[in-house]
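These notes concern the structure reproduced below.
Computed from a predicted model, the values in this text were never measured in an experiment.
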Amino acid sequence: MSKRAVVTGASSGIGEASVRALRASGWDVIAVARRAERLEDLAAETGATAYAADITDAASVGRLVEDVLATGGIDALVNIAGGAFGTESMLEGKLADWERMYNVNVLGTLRMIQGFLPALRENGEGSVLLLTSTAGLAAYEGGGGYVAAKFAEHSMANTLRLEEAEHNVRVIEIAPGLVRTEEFSLNRLGGDRTAADKIYQGVDKPLVAADVADVVAYSLNLPHHINLDQVVIRPVAQAAAHKLIRR
């Protein structure tokens, strides 16, 4: 019998790629995001189940949890949904951007964990995966809100692992560095395509969504007694958060 995963942020980027990678390795996947049309296209192509929901809305998450568990159990919760908004300094940062980042990256993830954790405990070999970022491991100028949100999510992974080991729930953190996806930088830069493209200019082979998704699938396909506590994944050109080779 196939294992079953709920994947958030599934309408684009790493979330969409993770749905593809898990389906390719035999998982039954519920693909979750707000954009129903994109989910339906993904479902038609991959055989995943599309479910339109907003993880920043408690009632929406409640309906998702109820509907998923009414149709079967769950083996893995894959928290990919997130985002960065704004590049201003701490002094000039917009409170609305900070609230938006905190709500989706931190509180949205918490809503999903609280909703599905009882079923993952009941499973006996459940897994929770959190996609964080190297931004949650090292601060940088202009990244205050995103760094704060991702550090919080990183801390959530560490705390949850301590709390759930006795229930045999595996908690995995994947922390990517520079990844070129269709929307992440555009959203952060207010839709400015030229500014978004400059982030990757001259970088030899930045990561793409499929690279990260392969690691997501690998970590979940390992025997359950093996826990990849934290995986940091960067392109070779990015030796550290402060060192990026451009040619």
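When all heavy atoms are compared, the tightest approach of Met112 to Val61 is SD-CG1, 4.0 Å. In plain terms, the two heavy atoms of Ala33 and Gly9 that are nearest each other are CB-C, 4.4 Å. Considering all non-hydrogen atoms of both residues, Ala52 and Ala36 come closest at CB-CB, 3.9 Å. Across all non-hydrogen atoms, the minimal contact from Asn105 to Ala149 is CB-CB, 4.0 Å. The shortest non-hydrogen separation linking Val19 to Ala48 is CG1-CB, 3.7 Å.
Residue-environment remark: CZ (Arg234) exceeds the threshold of 12 foreign heavy atoms within 6.0 Å. Annotation for Glu122: atom CD does not count as buried by contact number, only 12 or fewer foreign heavy atoms lying within 6.0 Å. Other residues, nucleotides and ligands contribute more than 12 heavy atoms inside 6.0 Å of the CZ atom of Arg246.
At a threshold of 4.5 Å between side-chain heavy atoms, the hydrophobic network of Ile, Leu, Val, Met, Phe, Trp and Tyr places Leu228 and Ile14 in one connected group. Placement of Val208 and Val215 in two distinct hydrophobic clusters is found when ILVMFWY residues are connected by side-chain heavy-atom separations under 4.5 Å, directly or transitively. Linking ILVMFWY residues whenever their side-chain heavy atoms come closer than 4.5 Å, directly or via other members, leaves Leu39 and Val32 in distinct clusters. Hydrophobic clustering of Ile, Leu, Val, Met, Phe, Trp and Tyr side chains at less than 4.5 Å, counting indirect connections, keeps Ile174 apart from Phe151. Cluster membership for Tyr140 and Phe85, using ILVMFWY side-chain heavy atoms within less than 4.5 angstrom, is shared.
Formation of a donor-acceptor pair under 3.5 Å by the His224 side chain with backbone atoms of Asn168 is found in this model. A donor-acceptor contact shorter than 3.5 Å is absent between the side chain of Lys3 and the backbone of Ile74. In this structure a side-chain-to-backbone donor-acceptor pair under 3.5 Å is missing from Arg121 to Val169. With hydrogens and angles ignored, the 3.5 Å screen pairs no side-chain donor or acceptor of Glu16 with any backbone N or O of Ala10. Tyr200 places a side-chain N or O within 3.5 Å of a backbone atom of Val179 that can act as its donor or acceptor partner.
Partners of Tyr102 by ring pair (Phe, Tyr, Trp, His ring centres under 6.0 Å), not counting sequence neighbours: none found. Evaluation of the side-chain hydrogen bond (donor to acceptor under 3.5 Å, both in side chains) rule for Arg111 yields Asn103 as partners, not counting sequence neighbours. Under the rule for a salt bridge (charged side-chain N to carboxylate O under 4.0 Å, His left out), the partners of Asp229 that lie at least two apart in sequence or sit in another chain are Arg161. Checked against salt bridge (charged side-chain N to carboxylate O under 4.0 Å, His left out), Glu40 has no partners two or more places apart in sequence or in another chain. Looking at residues two or more places apart in sequence or on another chain, you find no side-chain hydrogen bond (donor to acceptor under 3.5 Å, both in side chains) involving Ser2. With sequence neighbours excluded, the residues that form a side-chain hydrogen bond (donor to acceptor under 3.5 Å, both in side chains) with Thr132 are Glu173. Residues that satisfy the side-chain hydrogen bond (donor to acceptor under 3.5 Å, both in side chains) test with Ser133, not counting sequence neighbours, are absent from this structure. Residues passing the salt bridge (charged side-chain N to carboxylate O under 4.0 Å, His left out) test with Glu99: none are found, sequence neighbours excluded.
Residue pairs meeting the side chain to side chain donor-acceptor pair (under 3.5 Å) criterion with at least one member in residues 55-66, sequence neighbours excluded: Asp54-Thr56. Within the structure, side chain to side chain donor-acceptor pair (under 3.5 Å) pairs that include any residue of residues 209-221 comprise Ser25-Asn221, Trp27-Asn221 (at least two apart or interchain).
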Report task. Run the numbers on Arg170 and Val128 for side chain to side chain contact (heavy atoms under 4.5 Å, CB included), then give the verdict. Result -> CA-CA 6 Å; Arg170 180 170 60 174; Val128 178; over 6 Å; no
Criterion salt bridge (Lys or Arg N to Asp or Glu O under 4.0 Å) on Arg20 and Glu45, from CA distance to verdict
CA-CA 9 Å; Arg20 295 180 187 278; Glu45 184 179 342; 2.7 Å; yes
*asked:* Using side chain to side chain contact (heavy atoms under 4.5 Å, CB included), reason through Leu22 and Leu220 one step at a time and then give a plain yes or no.
replied: CA-CA 9 Å; Leu22 287 169; Leu220 291 170; 4.0 Å; yes
May I have the step-by-step check of side chain to side chain contact (heavy atoms under 4.5 Å, CB included) for Thr134 and Leu178, ending in yes or no?
-> CA-CA 9 Å; Thr134 54; Leu178 186 69; over 6 Å; no
Notebook entry, point to check: Hey, mind stepping through Thr109 and Met156 against side chain to side chain contact (heavy atoms under 4.5 Å, CB included) and telling me if it holds?
Noted result: CA-CA 9 Å; Thr109 298; Met156 289 165 65; 3.9 Å; yes
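Arg38 and Ser11 form no side-chain donor-acceptor contact under 3.5 Å, judged by distance and modelled atom types alone.
Summarising the geometry, atom CG belonging to Leu130 is positioned 9.5 Å from atom CD1 belonging to Ile172; distances are rounded to the nearest 0.5 Å. If you take CD on Glu141 and OG1 on Thr87, they are separated by 12.0 Å, rounding to the nearest 0.5 Å. To the nearest 0.5 angstrom, Ile30 atom CD1 is 8.5 Å from Leu64 atom CG.
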Donor-acceptor pairs under 3.5 Å, side chain of residues 75-83 to any protein atom, not counting sequence neighbours: which ones?
unit_1, atom_1, unit_2, atom_2, d
Asp75, OD1, Asn123, ND2, 2.8
Asp75, OD2, Arg4, N, 2.8
Asn79, ND2, Leu129, O, 3.2

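Looking at heavy atoms from C-beta onward, Lys150 lies out of side-chain contact with Met101 at the 4.5 angstrom threshold. Residues Val203 and Gln238 have side chains not in contact (no heavy-atom distance under 4.5 Å, counting atoms from C-beta outward). Leu131 has its side chain within reach of Val212: a pair of non-hydrogen atoms, C-beta onward, lies under 4.5 Å apart.
Listed by chain and number, the hydrophobic cluster partners of Val232 are Leu137, where partners are ILVMFWY side chains within reach of under 4.5 Å, directly or through others.
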